[in-house]
K.L.:
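This is the structure I want to talk about, given as structure tokens.
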Amino acid sequence: MGDYAKALGGKLRAIRQQQGLSLHGVEQKSGGRWKAVVVGSYERGDRAVTVQKLAELADFYGVPVAELLPEGRVPSGAEPATKVVINLERLQQLPAEKVGPLARYAATIQSQRGDYNGKVLSIRTEDLRSLAIIYDMSPGELTEQLIDWGVLPPEARPARED
């Protein structure tokens, strides 16, 4: 395999290790869905990973797919997707009457992913759109509200075209 496969594998390994998982821990946490030998071969760059499998691994780890891709590989003319990373510690500090729907939504995603690190949670832009409907706001208004609450960092604000 080439340098790209090895760089991709390095990103996969780094994410797994950040979550405190061994290869066997991944197999256990996934209920056997992800075999240690397969994930290890992806991480070494010995085995090609399909786009579908990469998306499934990203979901399993609870990170955007872009986090797994090696640096400098955004196709020319394409803007990288804005990350929506919720600060769960800050969310827990806010009154339930303000953040109830968001807190329940985040708890559901954590449960589905088996991700209870309790610090941050990455969600898709589509999730933000759904939450905006719940809050009866536009996605932009909700983003601003979440930044004001300290749940999203100011960098989450979409770039404005002048």
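Keep in mind that this is a model prediction, so the values were computed, not measured.
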K.L.:
Let me confirm one number: the CG-NZ distance from L54 to K11, rounded to the nearest 0.5 Å.
P.N.:
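Answer for the CG-NZ pair, L54 versus K11, is 11.5 Å.
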K.L.:
For the residue pair V26 and F60, establish whether any side-chain heavy-atom pair is separated by less than 4.5 Å.
P.N.:
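V26 vs F60: side chains touch.
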K.L.:
State whether the side chain of E141 and the backbone N or O of S138 hold a donor-acceptor pair below 3.5 Å, judged by distance alone.
P.N.:
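Judged by distance alone, yes, a pair lies under 3.5 Å.
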K.L.:
Just wondering, do K35 and V39 contact through their side chains at under 4.5 Å, heavy atoms?
P.N.:
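Counting from C-beta outward, V39 and K35 never come under 4.5 Å.
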K.L.:
To the closest 0.5 Å, what do you measure between OG (S22) and CD (Q17)?
P.N.:
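Spacing of OG (S22) from CD (Q17) equals 10.0 Å.
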K.L.:
What closest approach, in Å, do P153 and I147 show between heavy atoms, and which atom pair accounts for it?
P.N.:
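Looking at all heavy atoms of both residues, the shortest contact is O-CG1, 3.7 Å.
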K.L.:
Would you find a donor on one side and an acceptor on the other, under 3.5 Å apart, between the side chain of R13 and the backbone of E43?
P.N.:
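Checked: pair present.
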K.L.:
Please lay out, stage by stage, how Y42 and K53 fare under the test side chain to side chain contact (heavy atoms under 4.5 Å, CB included).
P.N.:
CA-CA 10 Å; Y42 290 155; K53 294 286 186 192; 4.0 Å; yes
K.L.:
Scan L152, V120, L146, I109 and name whichever one has a side chain to side chain contact (heavy atoms under 4.5 Å, CB included) with I86.
P.N.:
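Filter result, single survivor: L152.
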K.L.:
Using every non-hydrogen atom in the two residues, find where V63 and S122 come nearest and quote the distance to one decimal.
P.N.:
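Nearest pair, atom of V63 first, then S122: CA-OG, 3.5 Å.
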K.L.:
Let's go through L12 and R16 carefully: what are the C-alpha distance in whole Å and the side-chain angles of both, what is the deciding distance for side chain to side chain contact (heavy atoms under 4.5 Å, CB included) to 0.1 Å, and is it a yes or a no?
P.N.:
CA-CA 6 Å; L12 286 169; R16 175 180 56 78; over 6 Å; no
K.L.:
Evaluate the side chain to side chain contact (heavy atoms under 4.5 Å, CB included) criterion for residues Q19 and Y61: first the C-alpha distance (whole Å), next the side-chain angles of each, then the deciding distance (0.1 Å), finally the verdict.
P.N.:
CA-CA 8 Å; Q19 295 188 4; Y61 287 136; 3.6 Å; yes
K.L.:
Do the side chain of R90 and the main chain of W149 share a donor and acceptor less than 3.5 angstrom apart?
P.N.:
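Yes, the answer is positive, given that a donor and an acceptor are paired below the 3.5 Å cut-off.
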K.L.:
Measuring only between side-chain heavy atoms, which start at C-beta, is M137 closer than 4.5 Å to E144?
P.N.:
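SC-SC contact between M137 and E144 ruled out.
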K.L.:
Distance to the ring centre below 6.0 angstrom and angle to the axis at most 45 degrees; does that hold for K98 and Y135?
P.N.:
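So K98 doesn't make the cation-pi contact.
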K.L.:
Output yes when a side-chain donor or acceptor of T143 lies under 3.5 Å from a complementary backbone atom of P139, and no otherwise.
P.N.:
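Flag set: sc T143 to bb P139 pair under 3.5 Å.
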K.L.:
Same cluster for L102 and I134 if Ile/Leu/Val/Met/Phe/Trp/Tyr side chains link at under 4.5 Å?
P.N.:
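Cluster IDs for L102 and I134 match.
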K.L.:
Would you confirm whether S41, through its side chain, and R47, through its main-chain N or O, come within 3.5 Å as a donor-acceptor pair?
P.N.:
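Judged by distance alone, no pair lies under 3.5 Å.
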K.L.:
Take atom CG in D148; do more than 12 heavy atoms of anything else shown fall under 6.0 Å from it?
P.N.:
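More than 12 within 6.0 Å, yes.
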K.L.:
With a 4.5 Å heavy-atom cut-off, do L128 and R124 have their side chains touching?
P.N.:
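No - every pair of side-chain heavy atoms lies 4.5 Å or more apart.
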K.L.:
With a 4.5 Å heavy-atom cut-off, do I15 and Q18 have their side chains touching?
P.N.:
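Sidechains of Q18 and I15: in contact.
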K.L.:
When you group the ILVMFWY residues by side-chain heavy-atom contacts below 4.5 Å and let the links chain together, are I133 and V84 in the same group?
P.N.:
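No, separate clusters.
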K.L.:
If I take atom CZ from residue R44 and atom NZ from residue K6, how far apart are they, to the nearest 0.5 angstrom?
P.N.:
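The distance works out to 9.0 Å.
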K.L.:
Name the residue from Q93, Q110, K119 that meets the side chain to side chain contact (heavy atoms under 4.5 Å, CB included) definition with L88.
P.N.:
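The side chain to side chain contact (heavy atoms under 4.5 Å, CB included) with L88 is passed solely by Q110 among Q93, Q110, K119.
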K.L.:
When rounded to the nearest 0.5 angstrom, what distance separates CG in L131 from OH in Y105?
P.N.:
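Nearest 0.5 Å value for the CG-OH distance: 5.5 Å.
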K.L.:
How far apart are the closest heavy atoms of A132 and L142, and which atoms are they?
P.N.:
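So the minimum-distance heavy-atom pair works out to N-CD2, 3.4 Å.
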